[in-house]
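Ligands are counted one by one from 1 in listed order, and the atoms in each one are counted from 1 as well. Positions are given from 1 along the sequence.
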Amino acid sequence: MSSEFKLAPSILSADFANLQSALSQCEEGGAHWIHVDVMDNQFVPNLTIGPPVVKSLRPKTNKFIDVHMMVIEPEKLVEPFARAGADLITFHIEATDNPQSVIDLIKSTGTKVGISIKPSTPMSDIEPFYDQVDLILVMSVEPGFGGQGYIPESTKRIRVIKQKLNEQCLQDRVMIEVDGGIKLFNAKEVIDAGADVLVAGSAIFGTDDPVQTINEFYQLTE
Ligand code: DX5
Ligand code: ZN
């Protein structure tokens, strides 16, 4: 990918009673994507957003809707999220015994496909799928909650994945997204390691001026 990174504000940290305002802030700040954290209270100990919310967001924005499914049995939710208007659907390698079938299912809906990995899962588990996906989502916190601290070892994992993509000439085809604990002070380190897309929840919606914060993220690489 080019050195231009994309910012994907996570609406998990926005006011759920006023998601329109969060979308407007993303528009005004010029964020590229909208990151939607789907949690089922089984794969992770939290319960959040389902397809009806994505369906409601879809007509309100032209932004790329990036659905991060932290759910068991991901195959059951692929079609509902695709129909609701997701542009990309990411599932967790730890959530299925048959990643290839989930990848094929997501592709069959016409949406882009992402594969995600938790901080303690060996990277060798996702390596066989690098040439099958559009995006690799590297979790830099334990999935489940916003507002946690970035796990420092994540930077090395991003570098290793980037190197493998380079070796396989996939660097222009497969994006690396990093999710968890991304703040203004560590974003540059994550970009330099090879991230193409940065998710940020509390760093954006936890501030008094999310639009200004989005601008500050983009100024990091100017
Ligand atoms: C955590 C979610 C993240 C979360 C990030 O499981 O996948 O997307 O919203 O929040 P921050 O940026 O606050 O760590
Ligand atoms: Zn996420």
Hey, which atoms in ligand 1 end up nearer than 4.0 Å to a heavy atom of Gly180?
14 (O)
Return the minimal non-hydrogen interatomic distance between Pro119 and Arg157, and the atom names on each side.
O-CZ, 3.2 Å
Can you tell me, to 10 degrees, how wide the angle at the Zn ion (ligand 2) is between NE2 on His35 and OD2 on Asp179?
100°
Answer yes or no: are there more than 12 heavy-atom neighbours, outside Glu28 itself, under 6.0 Å from its atom CD?
no
Please confirm whether Ser10 comes within less than 3.5 Å of ligand 1 when only nitrogen or oxygen atoms on both sides are compared.
yes
With atoms numbered from 1 as shown, which atoms in ligand 1 lie under 4.0 angstrom from a non-hydrogen atom of Met39?
6 (O)
Before giving the answer on ring pair (Phe, Tyr, Trp, His ring centres under 6.0 Å), spell out for Phe5 and Phe217 the whole-Å C-alpha distance, their side-chain angles and the decisive distance to 0.1 Å.
CA-CA 10 Å; Phe5 74 100; Phe217 267 100; 7.3 Å; no
For atom 10 (O) of ligand 1, the closest protein heavy atom turns out to be Gly146 CA, 3.5 Å
Any side-chain heavy atom of Glu177 within less than 4.5 Å of one from Met139?
no
Rounded to the nearest 0.5 Å, what's the gap from CD1 on Ile158 to OG on Ser140? Could you check?
6.5 Å
Near Val199 (heavy-atom distance under 4.0 Å), the atoms of ligand 1 are 8 (O)
The closest protein heavy-atom partner of atom 1 (C) of ligand 1 is Phe145 O, 3.7 Å
What I want to know is whether Met70 and ligand 1 share at least one N or O pair that is separated by under 3.5 angstrom.
no
Check: Phe64 ring centre within less than 6.0 Å of His35 ring centre
no
Quick one: which of Gln171, Gln163, Lys164 gives a side-chain hydrogen bond (donor to acceptor under 3.5 Å, both in side chains) with Glu167?
Gln163
In the protein, which heavy atom is nearest to atom 12 (O) of ligand 1, and how far is it?
Gly201 N, 2.8 Å
Ligand 1 atoms nearer than 4.0 angstrom to some heavy atom of Ala200 are 12 (O)
Same hydrophobic cluster for Leu47 and Val71, using side-chain heavy-atom links shorter than 4.5 Å among ILVMFWY?
no
For atom 4 (C) of ligand 1, what's the nearest protein heavy-atom neighbour? Residue, atom name and distance, please.
Asp37 OD2, 3.7 Å
Tell me which N, O or S atom from Asp37 is the closest to the Zn ion (ligand 2).
OD1
Among all protein heavy atoms in this structure, tell me which lies nearest to atom 5 (C) of ligand 1, with the distance rounded to 0.1 Å.
Asp179 OD1, 3.5 Å
Assess, by modelled atom type and distance only, whether the side chains of Glu4 and Thr221 contain a donor and an acceptor separated by less than 3.5 Å.
no
Is there any N or O on Lys183 that sits under 3.5 Å from an N or O of ligand 1?
no
I want to check a possible cation-pi pair here: Lys118 against Phe43, using under 6.0 Å from ring centre and within 45° of the ring axis as the test.
yes
Taking only non-hydrogen atoms of Gly181, do any sit less than 4.0 angstrom from ligand 1?
yes
Between Lys76 and Glu73, does any side-chain N to carboxylate O distance fall below 4.0 Å?
yes
For atom 13 (O) of ligand 1, what is the nearest protein heavy atom, given as residue, atom name and distance?
Ser202 OG, 2.5 Å
Please say whether more than 12 non-hydrogen atoms of neighbouring residues, nucleotides or ligands are located less than 6.0 Å from CG in Asn98.
yes
Numbered in order shown, the ligand 1 atoms found under 4.0 Å of a heavy atom of Pro143 are 6 (O)
Need the ligand 1 atom indices (1-based, order shown) with element for anything under 4.0 Å from a heavy-atom of Leu12.
4 (C), 9 (O)
Counting each atom of ligand 1 from 1 as listed, which ones have a heavy atom of His68 under 4.0 Å away?
7 (O)
Please write down residue, atom name and distance for the protein heavy atom closest to atom 6 (O) of ligand 1.
Gly144 N, 2.8 Å
Output the atom name for the N/O/S atom of His68 with the smallest distance to the Zn ion (ligand 2).
ND1
Pairing donors with acceptors under 3.5 angstrom, does anything connect the side chains of Lys183 and Ser202?
yes
Here the atoms of ligand 1 under 4.0 Å from any heavy atom belonging to His35 are 8 (O)
